[in-house]
Amino acid sequence: MKRRAFLTGVSSSALLAAGCGAGGGKAVVKIATKSSGLAEAPVATTPTPVPPPELISSADTVFQGGAVLISLVGQVKDGSVTFLERTRPLGQGSQSIYSFVGIEAEAPPGAHPMKIDFTLASGSKGSLMSQAVVAKTNWTIDSIIISDKLAALLDPKLGADELTALTRVYSGMTYEKLWSGAWAQPVPGAITTRFGEKRSYNGAPASGHHSGTDIGAGAGAPVGATNSGRVVMARQLALRGNMVVVDHGGGLFSGYSHLQSFAVGEGQAVAAGELLGFVGTTGLSTGPHLHWEMASGGVVVDGFRFMDGTNGF
Ligand SMILES: [Zn+2]
């Protein structure tokens with residue numbers, strides 16, 4: 001469900017920028033000629049108003065770990081959205097420029113301003129102010145007992161290095177929209193660990209948030225792309241094991257970890273549901289399952305909220 005939002009929030013600078021765009025608003029002054037010998041008074045013409053771009057938000061309340069879809073419709077060339085001190089560019093959609101604004105698991109609940117900067121087709125710049133309310137998600141705690149061998153992989157530096165490398169991939173931006181339509185669960189199976197759960201390994205205090213959704217499935221089960229895109233990574237990582245990352249365009253990515261083997265290579269375009277690899281237990285894993293991540297603008301978010309309607313899209 002989409003709705004128009006915050007028309008009253010259009011800033012004067014946006015209206016000014018929009019109103020001056022596309023050559024509208026110039027009065028024409030006729031110059032006297034020798035043949036007529038008469039000077040005509042300046043004639044005021046009716047300016048051709050360029051309507052300000054319209055901001056459409058999928059929801060005005062979004063959960064920690066969720067994402068809100070921000071679209072800017074009108075004669076706009078490019079833009080960016082700033083929310084909770086993160087600025088991300090808007091990608092090119094079919095009818096608008098847009099971004100999925102990912103909300104971090106620890107984003108402070110409450111109302112926060114959102115600023116959209118844009119450049120009109122005419123080159124004029126403007127901005128719109130809006131806001132979104134972050135609602136609290138009640139994260140559960142998952143206690144996990146693992147072997148000494150796997151515990152060695154819990155070296156914080158190892159995890160931090162992997163996350164840094166992965167965040168670099170997840171922070172990429174392809175302006176072209178590569179996804180379309182609905183999002184699908186990559187492999188059938190029960191959810192064994194939800195996105196965002198806090199984890200306690202071998203009785204240690206719970207920390208962090210689970211960066212994806214764990215889906216229980218048998219070793220060798222085929223894993224399909226949650227939506228169409230391009231494979232930007234297919235390689236082995238220390239914790240996530242064999243991992244495929246798909247770029248969906250507009251700053252949105254999906255990741256598939258602990259794979260037994262790959263069915264795609266880097267650079268390959270994939271259709272929605274296309275085979276990426278097979279469920280396995282490579283990396284930091286206690287048994288065959290798929291660890292499915294979604295990331296928007298470098299922020300990991302709950303993939304299930306792309307399917308259950310709670311993001312408003
Ligand atoms: Zn997992």
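Basis for what follows: all heavy atoms, side chains included, without hydrogens, waters or symmetry-related copies. In listed order, ligands and their atoms are each counted from 1. None of these values were measured; they are calculated from a predicted model.
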Closer than 4.0 angstrom, basic N to acidic O: yes or no for Asp214 and Arg199?
yes
The Zn ion (ligand 1) contact by His210, N, O or S atom under 2.8 Å:
yes
Report whether any nitrogen, oxygen or sulfur of His291 sits less than 2.8 Å from the Zn ion (ligand 1) (N, O or S, backbone or side chain).
yes
Among Gln64, Glu104, Glu197, Glu106, exactly one meets side-chain contact (heavy atoms from CB on, under 4.5 Å) together with His209. Which residue is that?
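Among the candidates, only Glu106 passes.
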Of all N, O or S atoms in Asp214, which has the smallest distance to the Zn ion (ligand 1)?
OD1
For Asn242, check side chain to side chain donor-acceptor pair (under 3.5 Å) against everything at least two apart and list the hits.
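Asn242 satisfies side chain to side chain donor-acceptor pair (under 3.5 Å) with no other residue.
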According to salt bridge (Lys or Arg N to Asp or Glu O under 4.0 Å), does anything in residues 220-244 pair up with another residue at least two apart or in another chain? List the pairs.
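Of all non-adjacent pairs touching residues 220-244, those that pass salt bridge (Lys or Arg N to Asp or Glu O under 4.0 Å) are Glu162-Arg240, Arg235-Glu266, Arg240-Glu293.
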